[in-house]
Each structure stands twice: as C-alpha cells, then as structure tokens.
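Data first, discussion second: the structure below is written as structure tokens.
The residues of the chain are indexed from 1 along the displayed sequence.
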Amino acid sequence: MDEVFKALADASRRRLLDTLNARNGQTLRELCAGLDMTRQSVSKHLAVLETAGLVTTLRRGREKLHYLDAAPINAIADRWMSRYDQERARALADLKTALEQDPMTGNEFVYTTYIKTTPERLWEALTDPAFTRRYWGVSFETDWKPGSPIDWHEEGATTADPEQVVLESEPGRRLSYTWHTFTPEWARSVGVDEETRAKLMQEPRSKVTFEMEPAGETVKLTVVHEGGETLLGMSRHGWPHVLSGLKTLLETGEPLPST
C-alpha cells in the first residue's frame, strides 16, 4: 500500500493514470504524444506505477501495451474511507470514482492480480473442475488441448457449441479459450433477462486469455477478455469477484463467503 501512495503522490503519474482511464491499452509512444513529457520521464513514471500495481502491461507483437488496474485504488478506499470522516476521505473518493468510471475502452477487459502459489497449482485451479466449481461455480469438460471443444456446466445448465474451443494451452504459462454460447437455458440459470441475452448474441464470440508469470513467491496472473460492449460491461463486475475467489482459495484453502 505504501507503493500505491508513493505512486499517486506525483501529479505526472496521476496524469498518466487519467490518460489510461480515458483510453486503456496505449503504447509508450502514444502516451508520450498525449503528455508534455520526454519518453524517458514517461518510462520512469510507468515503472513506478507498475511496481505499485496500478498499471499492467501486455505484449502485442512488437508493441507493449499499458493498462490501468484500479484494484489497488479499491483496496485503499475499502481500508481507509471507513476510518475517516467524509471531508478527509473526499480526495480518495473522487480518485476512486474517476478511476472506476468507464475503465474499459476498445474491446478488451484486462485484470492483473498476484497470487501466492505456483504456476502449476494455478494452472490446476484454472482447469480442474474440482477447483473451478469452488470459486466460480463453473466446471469445464475438455482435455485442454488446442482445438478441443469445451462444454460449460454452470448452475445446472450445460452449454455446448462447436465454436466453444481451446485456443492456446501452455500449462503454467498461458491458457486461452472462446467464451460460451448465451443459450436461453444459461440465461435462465444465471438470471440474465432476454433483452440482455439478445444483445449478447448480437456480439462476436469473445475469448479469454490467462497469462501466468512467476514473480518471487507469487504468480502474476493477467486475464484478458476480448469481446463486445455488453459482455465486457458484465465482465467488469464478474471477473474481479471470480479472481478474488480464486486467489482466496489458493492462499487460504477456503472459498470466499457466499454473498
């Protein structure tokens, strides 16, 4: 948390966060073009923000894209805002609101977390039905080989479709698959109304990618969900809860309490 406060103390770094909040997934060149700072200065500020967990990066070919991660801001707000009166908390509240307002642009939702585990154990938690049912309420029926179909089991509904397939599978490093079909049975089982389901069906099929990278005693897990506006709007609320449950289960052996 000290690293987060240190990062937010600098006005230039706050401007970088504002820039990414306005349009996520920018290259260093794009960030420099929009700010009155040298490339070296921007690089140094981004390094501080990344150390604090406020910015995460992904490689796309030769380009390195930078994404805002508001999770540390949420942690500060949850811990500190309840301890102080409204006046003293106003700065944090405004910052939290600014960073959470429309955090996704384009067609990607990106979320990074650090989990005290091993890449092998994390892979098992992402693929083994005995794990996924405990923190997600979902289980997958597949052999996790690229090109293999995936049947989804969730809330008593089974979703199968030829386009539900494994795209990439590198145990302990990278996993990618296409998202499930939004059937009427699925919608009824999870409480999605028909109007929302119709919007989801009009969007191209999305895909999710999990990237795992050892980081000391932890594993850096980055989740990238590529899809349409309606699905990504739902993902903004869904993925943080799922990944918090995953982290809690791996680190404590117990799932999050039911809400």
Side-chain angles (χ1 to χ4, degrees), residues 1 3-4 6-8 10 12-35 37 39 41-77 95-115 122 126 167-168 173-177 179 206-215 218-244 246-247:
M1 192 166 288
E3 294 291 339
V4 178
K6 175 184 175 183
L8 295 174
D10 185 271
S12 295
R13 289 194 283 272
R14 294 197 299 271
R15 286 176 59 199
L16 277 169
L17 292 178
D18 287 339
T19 300
L20 289 175
N21 186 53
R23 184 169 67 86
N24 230 350
Q26 296 191 53
T27 64
L28 177 60
R29 175 179 54 80
E30 289 172 325
L31 288 169
C32 291
L35 298 169
M37 286 189 278
R39 184 183 182 91
S41 295
V42 173
S43 295
K44 288 182 178 180
H45 286 309
L46 287 171
V48 174
L49 291 169
E50 191 168 356
T51 298
L54 291 163
V55 166
T56 189
T57 60
L58 287 174
R59 286 283 181 183
R60 286 289 184 269
R62 296 183 178 180
E63 293 186 324
K64 184 178 183 181
L65 304 182
H66 300 79
Y67 292 87
L68 168 69
D69 188 342
I73 301 295
N74 295 337
I76 288 176
L95 179 58
K96 178 175 184 288
T97 300
L99 289 177
E100 288 188 335
Q101 183 179 8
D102 193 21
M104 292 178 300
T105 57
N107 61 348
E108 293 182 337
F109 173 81
V110 181
Y111 192 96
T112 297
T113 186
Y114 290 81
I115 303 175
L122 179 54
L126 291 172
L167 299 173
E168 299 176 73
R173 295 185 57 190
R174 185 177 175 90
L175 176 66
S176 180
Y177 50 83
W179 206 244
S206 69
K207 73 172 185 176
V208 63
T209 301
F210 303 87
E211 297 184 357
M212 292 152 268
E213 180 183 346
T218 69
V219 178
K220 178 184 178 183
L221 172 64
T222 300
V223 179
V224 182
H225 198 156
E226 302 173 57
E229 181 180 355
T230 302
L231 179 60
L232 293 187
M234 297 168 67
S235 298
R236 175 186 178 185
H237 302 286
W239 275 120
H241 181 76
V242 169
L243 296 173
S244 293
L246 169 64
K247 177 179 172 69

Derivation of the side chain to side chain contact (heavy atoms under 4.5 Å, CB included) call for Leu243 and Ile115: CA-CA 10 Å; Leu243 296 173; Ile115 303 175; over 6 Å; no
Listed by chain and number, what are the side-chain hydrogen bond (donor to acceptor under 3.5 Å, both in side chains) partners of [X], not counting sequence neighbours?
X	answer
Tyr67	Glu108
Ser41	Thr38
Lys220	none
Ser206	His225

How many angstroms lie between atom [atom1] of [X] and atom [atom2] of [Y], to the nearest 0.5 angstrom?
X	Y	atom1	atom2	value
Leu221	Leu175	CG	CG	10.0 Å
Met234	Phe109	CE	CZ	13.0 Å
Asn24	Thr19	CG	OG1	11.0 Å
Asp18	Arg14	CG	CZ	8.5 Å

Taking side chain to side chain contact (heavy atoms under 4.5 Å, CB included) as the test, write out the residues that go with [X], two or more places apart.
X	result
Arg174	Glu168, Glu170, Thr209, Glu211
Val219	Thr117, Pro119, Leu122, Met212
Val242	Tyr135, Trp136, Trp239
Glu30	Arg23, Gln26, Thr27

Salt bridge (Lys or Arg N to Asp or Glu O under 4.0 Å) contacts in which one or both residues fall within residues 61-71, not counting sequence neighbours: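 Matches after skipping sequence neighbours: none remain.
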Derivation of the side chain to side chain contact (heavy atoms under 4.5 Å, CB included) call for Leu31 and Leu20: CA-CA 8 Å; Leu31 288 169; Leu20 289 175; 3.9 Å; yes
Side-chain polar contacts of residues 42-58 - donor-acceptor pairs under 3.5 angstrom, sequence neighbours left out - could you list them?
from  : atom 1 : to     : atom 2 : distance (Å)
Ser43 : OG     : Arg39  : O      : 3.0
His45 : ND1    : Arg13  : NH1    : 3.2
Glu50 : OE2    : Thr57  : OG1    : 3.4
Thr51 : OG1    : Ala47  : O      : 2.9
Thr56 : OG1    : Thr112 : OG1    : 2.8

